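Everything on this sheet refers to the single structure shown next.
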Amino acid sequence: MSGRPTSCSNVRGRVAKPAWAQMMAARRRKTLVVCRVCHEDIHYGASHSRQNS
């Protein structure tokens, strides 16, 4: 296992990861399959979260 352990991700002063990034980390994946709208939200920095779209 390379990289930082998951305990290092909750360091005080760090910006919280978006929900999609947390989901990818939890699944230990570099790719997350999402619908077109969610894909655009991620790339354009939309702040709202969608579930099961």
Side-chain angles (χ1 to χ4, degrees):
M1 187 161 126
S2 63
R4 295 178 182 256
T6 55
S7 61
C8 289
S9 62
N10 296 330
V11 176
R12 191 180 341 179
R14 280 210 184 145
V15 178
K17 290 183 180 181
W20 62 267
Q22 292 175 1
M23 188 181 309
M24 287 174 55
R27 294 180 182 183
R28 296 184 183 186
R29 297 287 184 252
K30 291 184 179 181
T31 305
L32 180 66
V33 178
V34 294
C35 68
R36 183 184 221 31
V37 174
C38 294
H39 172 83
E40 291 172 357
D41 287 349
I42 290 169
H43 279 277
Y44 295 120
S47 61
H48 62 282
S49 169
R50 295 188 181 154
Q51 300 241 349
N52 299 328
S53 306

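Please read all numbers here as calculations on a predicted model, not as lab measurements. Any value given below was found using the heavy atoms of this structure, including those in side chains, with hydrogens, waters and symmetry copies removed.
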Practice prompt. State, yes or no, whether a side-chain contact exists between Met24 and Thr31 at a heavy-atom distance under 4.5 Å.
Written response: no

Item to complete: Return the set of residues passing side chain to side chain contact (heavy atoms under 4.5 Å, CB included) with Gln22 (not counting sequence neighbours), or none when no residue passes.
Response: Lys17

Worksheet item: Taking only residues two or more places apart in sequence, or in another chain, which ones meet Arg36 in a side chain to side chain contact (heavy atoms under 4.5 Å, CB included)?
Response: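 Residues passing side chain to side chain contact (heavy atoms under 4.5 Å, CB included) with Arg36: Glu40.
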
Fill in: Pair listing, ring pair (Phe, Tyr, Trp, His ring centres under 6.0 Å) test, anchored in residues 14-36, at least two apart
none

